[in-house]
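Numbers here simply count residues along the sequence, with the first being 1.
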Amino acid sequence: MRLALAQFNPIVGDLEGNLRKIRQLVTQAQASGARLLVLSELAISGYPPKDLLLRKGFVEACDLKVDELAKETSEGFAILVGHPTHRGLRELEVANAATLLYRGERFATRHKVLLPNYDVFDEKRYFRPAAHTSPIEFEGLKLGVHICEDAWWGETHTFYHVPPTEQLDPVWELGDQGVDLFINLSASPFEVDKVARRHRIMRRHVARFQRPFLFVNQVGGNDDLVFDGNSFVMDQQGEVIHALKGFADDIALVDFSSDGKVTIEGTPCPAPAENRREPQLLEAVTLGLRDYMAKCGFKGCVLGLSGGIDSALAAAIASRAVGPENVHGLLMPSRYSSEHSVSDGLQLAQNLGMDYDVIPLNDVHLAYEKLPVVGEELMSEPAGLTDQNLQARIRGALVMLRSNKNGWIALATGNKSELAVGYCTLYGDMCGGFAVLSDLYKQDVYAVSRYINELEGREVIPQSILDKEPSAELAPNQFDQDTLPPYPLLDGILAGLIDEEMSPDELAKEFPPETVKWVVQRLDRNEFKRRQMPPGIKLSPRAFGTGRRMPMAARGFAGLNGTES
């Protein structure tokens with residue numbers, strides 16, 4: 001039997017548009033001689049639909065689209081599609097379903113067993129889990145159809161509250177009933193090195209049952225998540241014999257023979273050997289920004305260009321995402337800006353081929369100083385914190401002015417290191433509709449910037465920006481390291497606290513205890529700022545946003561041997 005595995009980029013809630021894309025894939029699969037087209041999890045609605053599932057009529061509309069799609073099938077062609085459903089359930093219950101459409105009707109349906117309820121996932125809020133599962137018998141084959149998390153039973157950092165031994169492993173339940181082929185429909189979000197992790201997990205299942213494994217994943221950016229595709233075909237020996245593209249729509253034709261072997265129509269593309277961090281980050285954040293803009297209806301974007309590394313990388317990513325002709329920069333030098341901040345910003349804009357304007361801030365700054373009451377307070381401490389924040393807020397207002405006038409989305413350029421410790425200004429550099437670098441630590445910002453130059457074979461981001469000491473330039477002779485620990489030290493502590501959820505006591509064994517304490521206090525005290533930041537793309541195991549929910553009005557815990565922060 002020939003199967004077509006198709007990964008595509010749905011728009012959440014766009015049922016008609018998603019069905020239209022699926023019909024194009026149907027045409028392509030049928031023309032290739034495929035008997036079965038396999039699509040991803042919740043392909044009809046897009047993932048994650050969130051509280052759309054609670055809106056009256058939405059799930060019923062998804063079910064009706066599945067009925068429409070069933071009409072595309074026949075005696076010789078079937079479709080396996082993911083969708084939310086009410087069918088066969090009690091009133092108000094919804095299941096995350098995979099349905100085999102065949103001969104013009106719903107031939108068989110299976111519901112998701114394991115509902116993830118950690119990090120960015122909250123499926124228990126919406127779906128009713130299946131208690132058990134069973135193979136789907138089709139064309140003389142027993143298909144082990146299951147959905148995303150069902151393959152992740154027992155994985156660390158997945159079951160936060162329920163010991164996995166208290167639940168069945170759905171894949172092993174299918175395998176014990178005898179299957180010819182495992183098929184996983186997924187909407188598995190990107191994280192660095194997630195591809196290798198998926199391969200390891202699926203290889204464990206294959207090793208037990210010696211059956212091939214097909215993994216079909218969603219593609220595209222939806223809000224703060226990016227789905228990287230990277231679907232694959234694994235043979236009965238656990239080798240990935242074909243990998244679909246990363247971060248792009250793709251389709252693969254798989255021939256399954258009577259002896260249980262899988263082969264690829266055309267030239268097989270094994271999983272790439274390179275597992276370098278920087279290309280993964282660049283691909284993910286580029287796709288995430290491109291899709292966020294396109295799906296929200298933005299054609300252009302605007303950002304401040306300071307001549308520093310963060311705005312330089314943000315501009316380079318935006319240029320890759322939507323084209324430099326759609327990226328608009330504002331250079332806004334203040335009385336404290338160095339000459340190189342302007343020249344470096346200009347050089348960057350010219351290297352990228354993007355539009356830019358220069359708007360000096362001093363006249364606006366002076367106008368604030370001449371105001372009654374607030375001007376006196378401002379002048380009482382020149383270049384103090386209030387004055388520094390004012391400069392950032394003037395810049396934010398100018399960026400938002402151009403955003404409003406032209407319909408461009410404003411991009412915030414703060415990185416994860418700064419956002420973690422509050423080295424950012426509300427309504428200033430945090431202004432915007434999308435935070436491009438919000439899940440990149442400062443060292444990642446430098447690494448990805450260097451990679452872009454390497455990839456392009458030219459100096460896209462000027463070397464002078466890469467070389468100079470980072471500074472907000474909001475006060476005379478100001479440098480980041482006057483206020484913050486060195487970035488390698490700061491990033492190491494932050495990665496331990498945030499990504500690895502280590503305790504301050506553990507980190508104090510590896511890093512200077514006083515520095516750890518300072519970072520913990522700053523991290524906890526600035527939660528209120530992060531709650532007001534624009535959305536950004538999740539790239540790490542624990543990104544700021546929907547997957548990390550910390551209290552604001554609280555006293556932080558600094559460790560068993562420490563003090564409250």
ask   = Quick one: do Arg548 and Glu527 make a salt bridge, cutoff under 4.0 Å?
value = yes
message = Show the nearest heavy-atom pair for residues Ser438 and Met533, with the distance to one decimal.
response = CB-CE, 3.6 Å
ring-ring contact (aromatic ring centres under 6.0 Å, His included): pairs with one or both residues in residues 59-107, sequence neighbours excluded = Tyr102-Phe107, Tyr102-Phe138
request  = Sort out for me which residue in Leu289, Leu411, Asn326, Val436 forms a side chain to side chain contact (heavy atoms under 4.5 Å, CB included) with Cys301.
outcome  = Leu411
request  = Can you sort out the partners of His111 under ring-ring contact (aromatic ring centres under 6.0 Å, His included), two or more places apart, ordered by chain and number?
outcome  = none
Electrostatic pair Glu191:Arg198 at N-O distance under 4.0 angstrom = no
query = Please walk me through it: do Lys295 and Asp223 pass salt bridge (Lys or Arg N to Asp or Glu O under 4.0 Å)?
reply = CA-CA 9 Å; Lys295 293 177 181 182; Asp223 295 347; over 6 Å; no
request  = Dump the intermediate steps for ring pair (Phe, Tyr, Trp, His ring centres under 6.0 Å) on His199 and Phe232, then the final yes or no.
outcome  = CA-CA 9 Å; His199 291 171; Phe232 60 85; 4.6 Å; yes
ask   = Given the rule in the side chain to side chain contact (heavy atoms under 4.5 Å, CB included) test, do Ile241 and Met234 qualify, once you have shown the distances and angles that lead to the verdict?
value = CA-CA 6 Å; Ile241 63 169; Met234 185 175 286; over 6 Å; no
query = With sequence neighbours left out, what residues match Phe121 under ring-ring contact (aromatic ring centres under 6.0 Å, His included)?
reply = Tyr118
query = Does a sphere of radius 6.0 Å around CZ in Arg531 hold more than 12 heavy atoms from other residues, nucleotides or ligands, not counting ones at 6.0 Å or beyond?
reply = yes
query = Under a 4.0 Å N-O cut-off, is there an ion pair linking Lys50 with Asp122?
reply = no
request  = Among Val81, Asn18, Thr85, find the residue that satisfies the side chain to side chain contact (heavy atoms under 4.5 Å, CB included) test when tested with Ile44.
outcome  = Val81
inquiry  = Tell me whether Asp63 is salt-bridged to Arg106, with the criterion being a basic N under 4.0 Å from an acidic carboxylate O.
reply    = yes
inquiry  = Would Glu500 and Arg542 count as a salt bridge (Lys or Arg N to Asp or Glu O under 4.0 Å) here? Give the steps.
reply    = CA-CA 8 Å; Glu500 300 176 45; Arg542 293 283 273 169; over 6 Å; no
key: Stepwise ring pair (Phe, Tyr, Trp, His ring centres under 6.0 Å) check, Phe213 with His146   = CA-CA 11 Å; Phe213 201 111; His146 57 290; 5.5 Å; yes
ask   = Between Arg276 and Glu454, is the closest basic N to carboxylate O distance under 4.0 Å?
value = yes
